[in-house]
Amino acid sequence: MAQKPSIPKGTRDFSPAEVARRNFIIERIRRQFELFGFQPIETPAMENYDTLMGKYGEEGDRLIFKILNSGDFLSKADLSALQQADAQALTPQISEKALRYDLTVPFARYVVMHQNELEFPFKRYQIQPVWRADRPQRGRFREFYQCDADVVGARGTVQEAEFIQLYDRAFADLGLQGVTLKLNHRKVLSGIAEVIGAADRLVDFTVALDKLDKIGRDKVEAEMEGKGISREAIAKAAPLFELKGTASQKIEALRGLLSGSAQGMEGLDELETLVARTAALGLKAATLELDITLARGLNYYTGAIFEVAAPEGVNMGSIGGGGRYDDLTGIFGLQDMSGVGISFGLDRIYLVMEQLGLFPQTLDRALDVFCVNFGQQEADAAQQLVLNLRNRGIRADLYPTAAKVGKQFKYADRRAVPYVVLIGEEELASGTFTVRDMQGGTQDTYSLNAWEQFADRLQP
RNA sequence: GUGGUUGUAGCUCAGCUGGUUAGAGCGCUGGAUUGUGGUUCCAGAGGUCGCCGGUUCGAACCCGGUCUUCCACCCCA
């Protein structure tokens, strides 16, 4: 009995057309990464269990794919945890590796391990798959690609401004107009929590605030209260719910609220600098928006926070995100190494571009010239012609068998080949080949010796 | 992790309150057309009804479990 084939939940196969489109996105993003001075690295699909655990919060730990040890792993384990059905205690006993959950923590590990070989500030980019044991949904997979660019070893806001430009150029290069670059600052969030007297409830406060767009002010306030934030504190935060206007106007309004918080004012100064610099440099495809409700990755971000929203009308979670983390390498023993980075979510960008019909049609064409096979002798001549064309950089192929001509034409049609070459008995006798323009339906004849005339027509 | 949803031919889907041989369109194969695709006509192949178990004289249909899909949470790219 044949086994019914399947792949794990949340994973996908990619067809030739899909790979061509994914590569299109990757190439454009990579081009911008390199134009901005980033260098590529790659890291293993698996990291040591201890490298990953505890870096993404409790929720993150749950979503990390753990790899079962090989061999007779039970004999080495302390099985009391198994008897008590305590998965949390048992897992480290039987697993010492895990699949990469993101590209940032492996990068931090890389920087610490290779610190003596690196030139700081070190600018790296990395385009690789990551794995999360999440429940799949549209735009949410268990295996997906991230495209990250990070800089470590430099402080200041110049780099943040660079990343805003990088985002914008990449989306412009992809032809994806209308994305929103949301900007916030961890110090501003901390400052708010400080001045309203809820500094110890920072995460609960920001997580609730983050839902403002989705559930509205009343429910946000109710959730804050439910998390133990006092009514008095919530009342003090009222100006947050009424922020309006341009980024500068919002910053002005926040200065009033945060005047009692040194770090809050520091965050506002940085945001103001970033907004001003971005205004001076200009944006091609994206708009910058100050969003005080943006609260992501608070486990390690310490400065500016970025998130990218798809163009309006496209139902998709964030298609990118990033921020500054002052001490990510500290946990691996390298202190005072400030970093800042951004990430592009390849799979979500793909879905957005597909929905908006932004992929170039030429991506569907994998072959420029297709040569019909009429039999042994004709095929010999055809093969030589095909090789000549390939040497010119033209994608050309010869059908492998002398199948019916109708069938071969149908094949060429399916593969969207623009030109079909015929070298049959007649052509062979006269030393020529016939070219059919599949779109126009016209046919021309060239001498085999003058094949470059045909090549010139394809590549003027 | 919580709650819901989906699964029938390669694809998109019909299939009544359980009842004989499970259908359509598209696609596929062959032919009309032994040197011409995308149009047309004719013929044909193709299905353990996701999987396991249960109820029943009888299950694609009812029940339980499981896997999968999609959705809302949680969280996130």
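Just so it is clear: chains get the letters A, B, ... in the order the sequence lines come, proteins before strands, and each one is counted from 1.
- The minimum heavy-atom distance between A:Arg457 and A:Tyr419, with the atom names listed, is NH2-CE2, 3.4 Å.
- Within the 3.5 Å criterion, the main-chain N or O of A:Val203 finds a donor-acceptor partner in the side chain of A:Thr206.
- Using N1 to N3 plus N6-O4 or O6-N4 for Watson-Crick, or N1-O2 and O6-N3 for G-U wobble, each under 3.5 Å, B:C11 pairs with B:G25.
- The pairing partner recorded for B:C62 is B:G54, the criterion being a Watson-Crick or G-U wobble arrangement whose two distances lie under 3.5 angstrom.
- In this structure, the CG atom of A:Asp134 is 13 Å from the P atom of B:C71, given to the nearest Å.
- Side-chain contact between A:Phe171 and A:Ile349 is present, with at least one heavy-atom pair separated by less than 4.5 Å.
- Partners of A:Arg436 under the salt bridge (Lys or Arg N to Asp or Glu O under 4.0 Å) rule, at least two apart in sequence or in another chain, do not exist in this structure.
- Spacing between B:G15 and B:G1 at atom P, rounded to whole Å, works out to 34 Å.
- If you find the closest nucleotide of RNA chain B to A:Thr11 and to A:Gly317, the one lying nearer the 5' end belongs to A:Thr11.
- Listed nucleotides: B:C75, B:A77, B:G1. Nearest to the side chain of A:Glu59: B:C75.
- Going from atom CD of A:Gln137 over to atom P of B:G1 covers 14 Å, rounded to whole Å.
- With hydrogens and angles ignored, no donor-acceptor pair closer than 3.5 Å exists between the side chain of A:Arg135 and the base of B:U69.
- Per the geometry, CG belonging to A:Asp61 stands 15 Å off C1' belonging to B:C74, to the nearest Å.
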Exercise for review: Determine, for nucleotides 30-44 of chain B in 5'-to-3' order, which nucleotides have protein heavy atoms under 4.0 Å from the base (write B), from only the sugar-phosphate (write S), or from neither (write -).
Suggested key: -S---BBBB------
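- B:C16 is unpaired under the criterion used here, namely a Watson-Crick or G-U wobble arrangement in which both key atom distances are under 3.5 Å.
- Nucleotide B:A32 has B:U40 as its partner under the Watson-Crick or G-U criteria, with both atom distances under 3.5 Å.
- Looking at A:Tyr145, A:Phe144, A:Tyr167 one by one, the single match for ring pair (Phe, Tyr, Trp, His ring centres under 6.0 Å) with A:Phe344 turns out to be A:Tyr167.
- With hydrogens and angles left out, the side chain of A:Arg348 and the base of B:C76 share a donor-acceptor pair within 3.5 Å.
- Judged by closest nucleotide on RNA chain B, A:Pro8 is the one of A:Pro8 and A:Gly345 placed further toward the 5' end.
- One C1' atom belongs to B:C67, the other to B:U20, and the distance between them is 32 Å to the nearest Å.
- Taking each heavy atom of A:Glu143 and A:Pro129 in turn, the nearest pair found is CG-CB, 4.4 Å.
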**Study point:** A:Phe163 vs A:Phe36, ring pair (Phe, Tyr, Trp, His ring centres under 6.0 Å): CA-CA, chis, key distance, verdict
**Key:** CA-CA 9 Å; A:Phe163 278 122; A:Phe36 276 72; 8.4 Å; no
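- Checked against B:C74, B:C71, B:A77, the side chain of A:Lys214 finds its nearest nucleotide in B:C74.
- Between the base of B:C75 and the side chain of A:Arg132 there is no donor-acceptor pair shorter than 3.5 Å.
- By the stacking rule of 5.5 Å between ring centres and under 30° between planes, A:Phe144 stacks on the base of B:A77.
- The residue A:Phe141 sits close to a base: some heavy atom pair falls under 4.0 Å.
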